[in-house]
There are 2 protein chains.
Amino acid sequence: MALGARVPGSVVPGSVVPGSVVPGSVVPGSVQERLVAAAVHLFAEKGFDSTSVQEIVERAAVTKGAMYHYFRSKDDLLYEIYHGLISQQLADLDRILGAGGTPGEVIRAVIVDLVETTTERLAEAAVFAREMHKLSAEPMAALKAQRRRYHEVFRDLVARGQADGAFASVASADTVTLIVFGIVNQLPRWYQPDGPKSPRQLADEIADFVLAGLAVPASYPAS
Amino acid sequence: MALGARVPGSVVPGSVVPGSVVPGSVVPGSVQERLVAAAVHLFAEKGFDSTSVQEIVERAAVTKGAMYHYFRSKDDLLYEIYHGLISQQLADLDRILGAGGTPGEVIRAVIVDLVETTTERLAEAAVFAREMHKLSAEPMAALKAQRRRYHEVFRDLVARGQADGAFASVASADTVTLIVFGIVNQLPRWYQPDGPKSPRQLADEIADFVLAGLAVPASYPAS
DNA sequence: CTCCTCATACCGACCGGTCGGTACGGACCG
DNA sequence: CGGTCCGTACCGACCGGTCGGTATGAGGAG
């Protein structure tokens with residue numbers, strides 16, 4: 001697996017803002033970023049356990065000492081990966097909710113965003129889906145709280161549409177929510193970035209299907 | 001991790017039929033079965049890599065020597081787990097296809113079966129979904145061939161319904177297939193056996209939702 | 001019935017290697 | 001000089017797999 005040219009001089013000598021290392025607010029190309037990027041790639045390819053710290057630091061072109069300067073442990077690296085992805089999705093969610101609309105419109109926007117962010121950051125999503133359970137209790141709780149919020153917002157959207165009569169109730173709002181996140185979380189398993197379908201096309205197909213599943217049969221009178 | 005009493009005498013001294021050890025056709029309570037059961041439990045709980053062979057043999061109340069007598073490697077154990085589950089699902093598929101029916105009826109039966117077998121064998125399914133990629137090339141190819149067959153049958157069912165005009169084509173047959181298997185494969189992540197919904201109820205909800213997603217809007221004239 | 005032979009089933013100590021993490025020293029900067 | 005940043009050398013734990021050996025029972029020979 002060729003790594004390409006690795007000129008030590010080309011590595012900007014991390015003149016990162018010293019002091020508190022705030023995760024997520026990191027100079028591009030910095031040691032931290034390179035480490036996270038290398039970890040994402042390797043975890044996605046071979047899994048968390050089968051990737052050694054040595055491989056990560058080699059791919060990031062730094063040494064172990066550097067890595068353990070910025071991260072407390074290998075698990076810490078994993079947490080950064082999750083945190084980056086879910087934080088973006090939550091920010092997107094707030095933006096979409098802020099824009100307003102009918103439950104149907106909002107749900108479509110949410111699904112499209114989930115599919116697009118997932119396909120954009122496929123490696124992160126793959127790692128997230130596959131290795132989430134490796135986290136220890138504390139970071140796991142933080143992640144689950146974020147997830148939970150996302151789920152609750154979505155479920156309430158469905159429930160609101162059902163209460164309006166805009167959506168059918170063949171499946172409960174909870175089940176629909178779990179179905180939708182099941183679809184999205186499974187995406188990294190089969191989505192091919194170089195396939196014929198653009199992320200946007202795929203997102204629309206999935207949103208169409210879900211909204212069709214929620215549609216009230218037209219023969220119904222507005223009971 | 002207390003193992004409880006482990007009386008050597010209580011272990012039936014595997015008077016298994018000597019000669020060919022055919023995997024899958026194994027005396028209940030035999031050493032092989034106990035090993036697979038222990039492995040399923042531990043892999044589901046802590047993941048493949050984080051489970052040591054020592055832990056497996058302790059849980060099965062046998063020794064390492066016994067394990068390596070029956071299985072070539074730790075991976076071999078993993079393969080047995082997959083093989084058992086997918087073989088059952090393929091057998092069910094054949095039974096369902098044999099019974100005949102419209103694409104809608106068959107699809108419903110298939111989804112119900114998938115959900116029921118998955119919830120019945122939740123630990124196996126969880127391991128399958130999470131650790132499949134750990135297999136080496138050869139067994140992986142065998143598994144993928146079985147999976148592929150299942151997918152193709154399902155996709156053709158959808159495509160046939162769409163060609164008939166019985167199903168809408170908002171999402172392509174391929175996408176619908178991937179969506180459905182996405183839902184099913186994600187089941188072990190959130191399904192609670194002790195929750196309020198029976199497997200059958202859940203299966204019906206999911207099947208209803210999928211078939212609603214495939215339904216032709218009633219306002220359509222039969223083009 | 002008895003003895004010998006041999007295959008199967010299993011035991012458990014052990015090994016080579018790997019891995020996450022640490023100790024410590026030095027370079028560079030303010 | 002003191003803190004940040006990072007390199008190097010190394011440690012101790014653990015793990016998958018091996019291997020020499022034993023126990024048991026079936027089956028043939030005499």
Side-chain angles (χ1 to χ4, degrees), chain A residues 6 8-22 26-27 29-35 38-39 42-43 46-80 131 134-136, chain B residues 1 3 6-23 26-27 29-35 38-39 42-43 46-80 131 134-136:
Chain A
R6 192 197 130 185
S10 72
V11 172
V12 277
S15 58
V16 188
V17 38
S20 63
V21 177
V22 184
V26 151
V27 173
S30 71
V31 172
Q32 291 104 302
E33 255 207 3
R34 292 210 313 277
L35 280 166
L42 289 166
F43 291 166
K46 331 183 352 169
F48 179 77
D49 287 307
S50 306
T51 302
S52 70
V53 172
Q54 198 57 45
E55 289 174 292
I56 298 170
V57 299
E58 273 166 21
R59 184 166 226 276
V62 298
T63 60
K64 246 183 170 191
M67 192 208 118
Y68 277 97
H69 177 70
Y70 289 110
F71 299 93
R72 270 165 304 179
S73 64
K74 193 183 168 189
D75 295 49
D76 200 15
L77 223 31
L78 194 58
Y79 178 75
E80 283 314 311
E131 317 277 5
K134 294 274 163 58
L135 281 178
S136 48
Chain B
M1 205 172 289
L3 259 184
R6 191 199 133 184
V7 186
S10 71
V11 173
V12 278
S15 59
V16 188
V17 41
S20 63
V21 176
V22 184
V26 150
V27 172
S30 72
V31 172
Q32 291 106 300
E33 255 208 1
R34 292 210 312 277
L35 280 166
L42 289 167
F43 291 166
K46 332 184 351 171
F48 179 76
D49 287 308
S50 306
T51 302
S52 71
V53 172
Q54 198 57 45
E55 288 174 294
I56 297 171
V57 300
E58 274 168 19
R59 185 166 225 275
V62 298
T63 60
K64 240 196 205 190
M67 192 209 118
Y68 279 96
H69 177 72
Y70 288 110
F71 300 92
R72 269 165 303 178
S73 63
K74 193 182 169 189
D75 295 48
D76 200 16
L77 221 31
L78 193 57
Y79 179 76
E80 281 316 309
E131 318 275 5
K134 293 274 162 59
L135 282 178
S136 47

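Numbered from 1 within each chain, the chains take letters A, B, ... in sequence-line order.
When the side chain to side chain donor-acceptor pair (under 3.5 Å) test is applied to S136(A), no partner is found at least two apart in sequence or on another chain. Remark: S73(B) pairs with D75(B), D76(B) by the side chain to side chain contact (heavy atoms under 4.5 Å, CB included) rule, at least two apart or across chains. Under the salt bridge (charged side-chain N to carboxylate O under 4.0 Å, His left out) criterion, K74(B) pairs with no residue at all, not counting sequence neighbours. Partners of T63(A) by side chain to side chain contact (heavy atoms under 4.5 Å, CB included), not counting sequence neighbours, listed by chain and number: A66(A). Scanning for ring-ring contact (aromatic ring centres under 6.0 Å, His included) contacts around Y68(A) gives an empty result, with sequence neighbours left out. For D49(A), the salt bridge (charged side-chain N to carboxylate O under 4.0 Å, His left out) partners are K134(A), not counting sequence neighbours.
With a 4.5 Å cut-off on side-chain heavy atoms, L77(B) and M67(B) count as touching.
Taking only side-chain atoms of T63(A), from C-beta outward, the nucleotide of dC11(C), dT8(D), dC5(D) with the closest atom is dT8(D).
Following rounding to the nearest Å, Q32(A) (CD) and dT4(D) (P) show an atom-to-atom distance of 14 Å.
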For nucleotides 16-18 of chain D, give me every protein contact, N/O to N/O, under 3.5 Å, one pair per line with atom names.
from, atom 1, to, atom 2, distance (Å)
dG16(D), OP1, T51(B), O, 3.2
dG16(D), OP1, K74(B), NZ, 2.7
dG16(D), OP2, V53(B), N, 2.7
dG16(D), N7, K64(B), NZ, 3.1
dG17(D), OP2, Y68(B), OH, 2.7
dG17(D), OP2, K74(B), N, 3.1
dG17(D), N7, K64(B), NZ, 2.7
dG17(D), O6, K64(B), NZ, 2.3

Pick out the pairs of N or O atoms, protein on one side and nucleotides 20-23 of chain D on the other, that lie under 3.5 Å.
none

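Here H69(A) reaches the OP1 or OP2 of dC5(D): one of its side-chain N or O atoms lies under 4.0 Å away.
Side chain of E55(B) to backbone of S52(B): a donor-acceptor contact under 3.5 angstrom is found.
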